[in-house]
Each structure stands twice: as C-alpha cells, then as structure tokens.
Amino acid sequence: MIGLLLLWKAVSLFFLPTFLPSPVELLIRIWSIFSNPSAYPIIGKTLERVLAGLILSMLIGAAIGLVMGLRRAVGTFLDSWIMVLLTFPSISWAFLSVLWFGISEIAPIFTVVLIVFPYVTMNVWEGTKAMDKDLTDMAAVFRAKRSLLLRKVLIPQLMPYLFSSLRISFALSWKIALVSEAFGAGRGVGKELMYWFQGTRADMMLAWGASFMVLMALFDALVLRPWENRVFSWRQITAA
Amino acid sequence: MSPQAVVIEGLRKMFPSPNGLGQFAVIESLSLEIACGNFVSVVGPSGCGKSTLLNIIAGIEPHDAGQVRIAPQDGTGSSARIGYVFQSPRLLNWLTVEDNIKFALEAQNIERGCWDERVKKYLDMVGLAGQERNFPLKLSGGMQQRVAIARAFAIEPDILLMDEPFSHLDEITARKMRVDLMHILERARPTILFVTHSLREAVYLSEEVYMMTVKPARIFKHLRVEIPRPREPEDPRLFDLEKNLVKEFFAVLEQDHR
C-alpha cells in the first residue's frame with residue numbers, strides 16, 4: 001500500500017499536477033470539492049438517479065427472472081432476448097436515451113435500468129434453477145398456496161442471488177449513471193466530469209471520481225453488508 | 001370394523017426408462033387398505049417405489065391406472081388432512097423452529113388463534129420445548145427430524161405419511177426416536193402409513209405390515225402384528241416375527257430373480 005503511494009508520488013513528479021496529481025494534491029482537491037457547499041446538491045442529484053435506477057433494475061430484473069424460472073416456456077423465450085440486451089453496447093443506450101427523452105430526469109435512469117436489469121434477470125434466473133425441489137414438494141404436500149410458497153420457500157432461496165445481483169447492480173448503476181449524465185443531464189457528477197474534461201483537468205476528474213468511489217464504498221459497508229448479514233443470520237450458526 | 005381411511009386398488013405407476021425409450025412400471029397392480037386409526041407399514045427394499053406410493057397418496061404425483069380413495073374428514077366432509085414426514089427433515093432453514101411449524105399451519109388454513117398453542121403442544125410432545133426461537137441449522141439431525149415430526153403432527157392430520165423418517169439417523173438416535181414415536185401415539189392417533197426398508201422397525205411400530213418386492217413394486221404379503229402396544233423394542237416375539245419374515249422375503253426375491 002505504502003509502496004504504491006510512493007510509486008504514484010514518484011511518477012507524478014514527471015507530470016503537471018493537472019495531468020497527474022500526487023496523492024497529497026489529490027487529497028487537497030477532494031477537500032476543495034467537499035468544502036464547497038454547491039457540491040452537495042450535485043452529488044445528491046446523482047445519488048437520486050443511481051438509487052432510482054438501482055431499485056427499478058432490481059424490481060424489474062428480479063420479477064422477470066422469477067417468472068422465467070417458474071414458467072419454463074417464458075424462460076426459453078426470453079433467454080435470447082436477455083442475451084441481446086446484455087450484448088447491446090452501453091454507450092448506445094446512453095446516446096439513444098438522450099435522443100428519445102432529451103436532457104431530462106428520465107434519460108439517465110432509463111439508461112441505467114436498460115443496462116443493469118438484464119444482469120439481475122440472469123442472476124435470479126440462475127437462482128431459480130438452484131432451488132430445492134424437495135422443499136417445493138414439502139410445501140405442496142402441506143397444501144401451501146402460491147403466495148405462501150413464494151414468501152416462505154422460494155424467495156428465501158433466492159436471497160443469495162438477489163444480494164449478489166444487488167452488489168453487481170450497485171457497482172454498475174453508479175458508473176452508468178455518471179456516463180449518461182455526462183451526455184444527458186442538466187446537473188450531476190457526470191456533468192462535472194464532462195466539465196473538467198473539457199478543461200483538460202485530469203486532477204479534478206480524479207478527485208470527483210475518487211470522492212464518489214469513497215461514497216459508494218461507505219454505502220456498501222454501512223448499508224449493504226449489515227443488511228446482508230442480518231438476512232443471513234440463520235446461516236452463521238451451524239449444527240453443534 | 002372401523003371404516004377405511006385409505007383404499008388403493010390396482011395402482012399402476014409408469015416411469016420413463018433410463019435409456020429414454022418408452023416406459024417401465026415402478027408400481028404394478030398394487031392394492032392395499034388402511035383402516036382409520038391404524039398404524040400400517042409398507043416394507044420393501046430401497047428404490048422399490050415406496051416414496052412414489054406416498055407421493056401418489058399425498059396427491060403430488062399422478063398415477064397411471066387404478067384408484068386411490070381417501071376418506072373425507074369426519075363431520076366436516078372436507079377432504080382429509082394429510083401430514084408428511086420425509087426421509088430428510090425438509091425444514092425451511094431460514095425460519096425458526098416455531099415458524100417452520102407455523103408454515104404448515106398457515107398452509108393448512110388453520111386459525112391463527114391456535115397457532116401458539118399448537119406449536120407449544122407438539123414441540124413438547126417431541127421433546128423440543130424451549131427450542132422455538134432456534135434456527136434448524138443449530139439443531140442436530142435427530143432434533144431437526146423431531147421438528148419435522150412436530151410439524152406433521154401439528155396440523156392434526158387425519159392421515160400421516162412417513163417415508164423412512166429415521167433412516168438418515170444413526171442407529172442409537174433412531175432407536176430412541178422409534179420408542180418416542182410409540183409414546184407419542186398414545187396421545188395422538190392419526191391413521192399412519194409408514195414406509196421403511198427395515199423389517200424390525202416395521203414389526204416394532206405397526207399393527208399391520210405390507211411387504212413389497214421390486215420392479216415393479218407389488219405386495220406379496222400382508223400380516224397383522226398381534227403384539228399389544230406399547231411394545232419393547234427388544235421384545236423376543238418381535239425378533240421371531242422379523243426372522244420369519246426375512247426368510248420369506250428372501251424366498252420371494254430369489255423366485256423373482258429366476
């Protein structure tokens with residue numbers, strides 16, 4: 001770790017600070033972002049889009065994945081369509097959504113959802129294949145209704161897949177949100193990056209990127225992980 | 001003579017052949033009757049279609065020919081409640097012991113008001129009082145199977161199907177569970193169809209025994225065990241009976257092979 005920082009410092013000596021800042025210079029720039037109150041509404045706006053895209057992707061993706069798993073015909077039918085969506089270039093969605101929705105709130109969220117939900121669908125569909133048929137039979141023997149079967153038997157088995165989807169979606173969402181903001185939003189972190197790019201200020205782009213990275217890591221550590229641990233508390237105690 | 005809880009006539013069940021061509025019969029012209037309140041065992045070698053038979057009675061597998069009649073509930077006339085204890089516990093590991101039992105109660109539309117009382121009563125009965133809030137993975141295999149037994153009894157079934165419920169346990173635990181089951185039956189008496197590959201287990205627990213051979217499964221012997229209950233597992237009369245039945249069983253198997 002320290003070695004890496006020293007190497008970074010050494011390399012940065014050969015360049016202008018605006019091209020490749022040293023670690024300390026980067027910290028100073030990050031501080032300049034956070035000490036300016038006008039940064040917070042910008043970050044807030046982006047977070048809003050990331051969360052909206054994330055939640056929609058999870059809901060849409062999980063619902064489609066579940067239906068694909070429970071209805072074989074739907075699964076075979078949608079399989080290739082999901083693959084098509086997965087292979088379609090992300091950048092095209094970012095441009096297309098600006099063409100379709102203009103500079104609006106919908107464009108970045110639409111881009112995030114279209115790119116992220118197929119991953120969720122694939123993952124959840126995979127999860128439905130790993131479900132234990134013995135438990136479904138048990139529920140059938142006791143005459144469990146469909147809703148009870150879903151709530152207590154099927155969805156709990158999908159939880160590991162839902163959480164891994166959430167992780168992937170979260171990481172993808174904010175990157176995509178930033179890209180699409182760069183082209184199609186009035187305000188946001190992506191727009192800031194675009195602004196500094198046009199001013200050829202790599203230092204400020206790095207500072208914004210690093211700040212956002214720290215925020216996302218905090219969200220992962222403070223929200224996602226504790227939540228996951230709670231949901232899987234039944235696993236941590238194994239047979240005596 | 002008490003009325004029949006289950007009557008099966010000329011049952012046939014086909015499975016697709018392993019080579020993918022055509023079908024073969026796992027169960028062929030199988031008939032049996034279970035009187036209300038009786039403990040009946042079906043004994044046969046592993047893989048002879050015993051579990052399939054239970055699944056057909058439970059209504060989760062279709063059959064290809066013959067009749068399966070299950071008497072409706074006394075009084076209400078609605079279809080009989082069926083409880084099931086599987087080879088493995090099949091618990092929902094993400095739910096507490098208590099919630100596993102409530103799952104069955106909810107599935108059976110049993111009034112919410114009596115859930116707590118049922119949970120307590122049947123966990124007490126299987127000797128697991130105080131484990132309500134534990135998760136299944138924290139329990140030993142034997143205890144997990146006790147939860148599964150409590151779950152099946154808690155719905156107060158008219159018919160209880162048991163599919164080699166002790167076969168996954170070590171012999172000492174299994175023996176204790178059989179003795180405990182015998183005592184439980186003094187307090188709660190559903191009609192029981194118990195499937196096992198162990199003749200000793202069958203003669204110890206049951207009032208009637210059906211013996212099956214393989215490929216296709218059919219019944220070659222039906223007998224009553226006329227030893228009063230509760231019985232001692234080491235009762236010499238049980239050993240004698242078992243010995244004779246084993247002889248008979250191998251005689252039939254030999255015949256089949258020829």
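Residue numbers begin at 1 in each chain, while the letters A, B, ... track the order of the sequences. Note: hydrogens, waters and symmetry copies are ignored here, and every other heavy atom, side chains too, is used. Bear in mind that the values here come from a model prediction, so they are computed numbers and not experimental data.
In terms of heavy-atom pairs under 4.5 Å with chain B, the best-connected choice from A:Val141, A:Asp137, A:Leu149 is A:Val141. Ranked by non-hydrogen atom pairs under 4.5 Å with chain A, the options B:Arg90, B:Glu61, B:Arg81 are led by B:Arg90.
More than 12 heavy atoms of other residues, nucleotides or ligands shown are found within 6.0 angstrom of CZ on A:Arg167. Surrounding CG of A:Leu218 are more than 12 heavy atoms belonging to other residues, nucleotides or ligands, all under 6.0 Å away. Counting non-hydrogen atoms of neighbouring residues, nucleotides and ligands closer than 6.0 angstrom, the CZ atom of A:Arg71 reaches no more than 12 such neighbours. No more than 12 heavy atoms of other residues, nucleotides or ligands sit less than 6.0 Å from atom NZ of A:Lys133.
Taken from OG in B:Ser88 to CG in A:Asp132, the straight-line distance is 8.0 Å, to the nearest 0.5 Å. Rounding to the nearest 0.5 Å gives a distance of 9.5 Å between CG of A:Leu148 and CG of B:Asn109. The CG atom of B:Leu92 sits 9.0 Å away from the NZ atom of A:Lys152 when rounded to the nearest 0.5 Å.
Contacts between B:Leu91 and chain A at a heavy-atom distance below 4.5 Å involve the backbone alone (N, CA, C, O). If you measure heavy-atom distances from A:Lys145 to chain B, the contacts under 4.5 Å come from the side chain alone. Interface residue B:Arg151: backbone and side-chain heavy atoms are both found under 4.5 Å from chain A. For B:Asn55, no part lies under 4.5 angstrom from a heavy atom of chain A.
When the heavy atoms of residues 110-132 of chain B are compared with those of chain A, none of the residues falls under 4.5 Å.
Residues that satisfy the ring-ring contact (aromatic ring centres under 6.0 Å, His included) test with B:Phe86, not counting sequence neighbours, are B:Tyr84.
Minimum heavy-atom separation, A:Phe142 to B:Ala107: O-CB, 3.2 Å.
B:Trp94 contributes no side-chain N or O that, together with a main-chain N or O of A:Arg235, makes up a donor-acceptor pair within less than 3.5 Å.
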